[in-house]
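Encoded as structure tokens, the structure appears first; notes follow it.
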Amino acid sequence: MAAPAPNTQQEMRRRNLARVLHAVADGGPRSRAAVAARIGLTRTAVSTLVDELLGAGLLVELGPGRSGAVGRPGTALALSDRGPCGIGAEIGVDHLAVCAVDLRGEVRARTAMDAANRDSDPGPVLEQLARLVGEVADEARGLGLRPAGLAVAVPGLVARGTTTVVQAPNLGWTDLDLAPHLARTGVLGSGSGTGTAVCSIDNEANLGALAELWLGGHTPPSGDFVHVSAEIGIGAAIVVDGELLRGTRGFAGELGHVPVRPEGRPCACGGIGCLEQYAGEEAVLRAAGLDPRATAAEHPGPGARIDLLATRAKEGDSAVLDALAEAGSALGTALTGAVNLLDPQTVVLGGALARLAPWLLPSLEHELGRRLAGPPPVSVSSLGADGPLLGAAHSVVRAVLDDPLAHRA
């Protein structure tokens, strides 16, 4: 459904400023004439809007540039590499990570640390995350950037339109509002100018899918795909016409808790035979004859166990190869239901699954092929485990592009 037309002069101006910014963001440096041609406004109107965005510190002039048209070349416009930036953070089961991304999409500051967050007291975890956010925000300010907001990726259910984690089984958190804990970061409410920096919390799979939509190279032009990612658990996100399908409560995409073995193993969510118990990291380790907790102690840090599995698979370890084949088959079974319901144009594997794709794909695609008439292609994300963190930071940047009036200097 199309968005309603702006009904005031201020709303029309806000919308047109956003259109100019997106035209420059989507096409790289452009002249005023090229922007006008792209968005369908007169050169005079675009010039006025550009002058306002230049004064707000959101655009910069790079000098003469060629547009392909006859005549004197126009001045090329680009998004500023100073001014507003997005702060993204990720709470993983075994790590914390934070980064700052400028309007051009460049990561300008980043930090991460190993952290044993499983079944943790949220207070110390969020206190440490707040410190990391503060460090990255300070580094960004030193580069001439101004944090426009904070978005946090979490491995759990987040109530739609809130900052409350309803349930994060692998963290052991329930009904926890993260915003008050993160207010101490110095990012929230610290924006200068007319805007106020904001905090948003979202499921890591959702943010990974948005990163794939905005930054990845495997999403179809239609913007219809299912994005499946994994850390300790397994999550999925559904993108339809370039928009996340969130569901009434914001819980859409919980593929990891779709039953694939109805009489199978109990799951931390309270269910039986969930996909996570057959294709999650710990399930694969167990199936390969490795104790998950002992392996985690020997190989700490984000991605360390996945790297171990990938290394052993490359070496031809039969137990690991069998475990990954079983995981791929379970994934194919769960995805069959999603594909039948949603009819996506493609399926994208991200997160840890991307690292293990060479050994998961054969059994996964076999399962889809035997259960579906004309299964969709399955591709592998180039973003890997960075997807949720990048999606978080870029969600703040997109908010600036969508409403530049709220983030001017």
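Computed from a prediction, not measured in an experiment: that's the story for all the values here. Along the sequence shown, the residues carry numbers beginning at 1.
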What one should report as the nearest heavy-atom pair of L21 and P404 is CD1-CB, 3.6 Å

(message) Do V397 and W214 have side chains that approach each other closer than 4.5 Å (heavy atoms only, starting at C-beta)?
(response) no

Residues 147-172, side-chain donor-acceptor partners within the protein, below 3.5 Å, at least two apart:
residue, atom, partner, partner atom, Å
R160, NH1, G247, O, 2.7
T162, OG1, A159, O, 2.8
T162, OG1, T164, N, 3.1
T163, OG1, D177, OD1, 2.5

**OP:** Could you tell me whether the side chain of R312 reaches within less than 4.5 Å of the side chain of L321, counting heavy atoms only?
**Re:** no

Could you check L58 against S80 for side chain to side chain contact (heavy atoms under 4.5 Å, CB included), going step by step and ending with a plain yes or no? CA-CA 5 Å; L58 302 177; S80 176; 5.7 Å; no

- State whether the side chain of W173 and the backbone N or O of S120 hold a donor-acceptor pair below 3.5 Å, judged by distance alone. yes

Between A45 and L41 the two heavy atoms that sit nearest each other are CB-CB, 4.5 Å

Quick one: do V320 and L324 satisfy side chain to side chain contact (heavy atoms under 4.5 Å, CB included)? Show the steps, please. CA-CA 6 Å; V320 171; L324 291 173; 3.9 Å; yes

Run L255 and V258 through side chain to side chain contact (heavy atoms under 4.5 Å, CB included) and show every step you take. CA-CA 5 Å; L255 189 74; V258 169; 4.2 Å; yes

Shortest non-hydrogen pair, C199 vs L182, comes out as SG-CD1, 4.2 Å

**Prompt:** For residues S381 and E212, is any side-chain donor paired with an opposing acceptor at under 3.5 Å?
**Reply:** yes

The reported gap from CG in L364 to OG1 in T333 (rounded to nearest 0.5 angstrom) is 9.0 Å

Q) Step by step, would you call N16 with R13 a side-chain hydrogen bond (donor to acceptor under 3.5 Å, both in side chains)? A) CA-CA 5 Å; N16 286 335; R13 176 164 147 266; over 6 Å; no

Would the distance check show the side chain of T346 and the main-chain N or O of P377 forming a donor-acceptor pair, the cut-off being under 3.5 Å? yes

Do E367 and L335 come close enough that some side-chain heavy atom pair is under 4.5 Å?
-> no

(message) Quick check: do L126 and I91 have side-chain heavy atoms less than 4.5 Å from each other?
(response) yes

Shortest non-hydrogen pair, L143 vs R108, comes out as CD1-O, 3.6 Å

In short, G350 meets H227 closest at the heavy-atom pair CA-NE2, 4.0 Å

Output side-chain donor-acceptor pairs under 3.5 Å for residues 286-299, partner residues at least two apart or in another chain, one line each.
residue, atom, partner, partner atom, Å
D291, OD2, R293, N, 3.2
D291, OD2, A294, N, 2.7
T295, OG1, D291, O, 2.7

The side-chain contact (heavy atoms from CB on, under 4.5 Å) partners of P375 (sequence neighbours excluded) come to L368, L372

message = Working note: R19 + L49, criterion side chain to side chain contact (heavy atoms under 4.5 Å, CB included); need CA distance, chi angles, decisive distance, verdict.
response = CA-CA 10 Å; R19 293 173 68 195; L49 294 166; over 6 Å; no

Taking atom types as modelled and ignoring hydrogens, do the side chains of H95 and N117 form a donor-acceptor contact shorter than 3.5 angstrom?
-> no

Nearest heavy-atom contact between A100 and I87 is CB-CD1, 3.6 Å

List the atom pairs, donor and acceptor, that lie under 3.5 Å between side-chain atoms in residues 386-395 and the rest of the protein, sequence neighbours left out.
residue, atom, partner, partner atom, Å
D386, OD1, R110, NH2, 2.8
S395, OG, A392, O, 2.6

Lys/Arg-Asp/Glu bridge criterion (N-O < 4.0 Å) met for E11, R15: no

Those residues at least two apart in sequence (or on a different chain) that pass side-chain contact (heavy atoms from CB on, under 4.5 Å) with R38 are A23, D26, R30

One should read off an interatomic distance between L17 CG and H22 NE2, to the nearest 0.5 angstrom, of 11.5 Å

Problem set entry | Residue pair L405 / Q10, side-chain heavy-atom distance below 4.5 Å | yes

Query raised in the report: Do R32 and D51 come within less than 4.5 Å of each other through their side chains, counting heavy atoms only?
Result: yes

Does any non-hydrogen side-chain atom of V380 lie less than 4.5 Å from one of L361? yes

Interatomic distance, CG@L383 vs OG@S229, rounded to 0.5 Å, equals 11.5 Å

In this structure, CG of L356 is separated from CG of D307 (nearest 0.5 Å) by 9.0 Å

Can you give each donor-acceptor pair under 3.5 Å made by side-chain atoms of residues 272-284, sequence neighbours left out, with the distance rounded to 0.1 Å?
residue, atom, partner, partner atom, Å
Y278, OH, R265, N, 3.1
E281, OE2, R305, NE, 3.0
E281, OE2, R305, NH2, 3.4
E282, OE2, R118, NH2, 2.4

**OP:** Please tell me if the side chains of D121 and E127 come closer than 4.5 Å, counting only heavy atoms from C-beta onward.
**Re:** no

CG (L129) and CG (L178) are apart, to the nearest 0.5 Å, by 8.0 Å

Here the gap from L96 atom CG to L132 atom CG, rounded to the nearest 0.5 Å, amounts to 6.0 Å

#### Entry: Check: R371 side chain, T336 main-chain N or O, donor-acceptor pair, under 3.5 Å
no

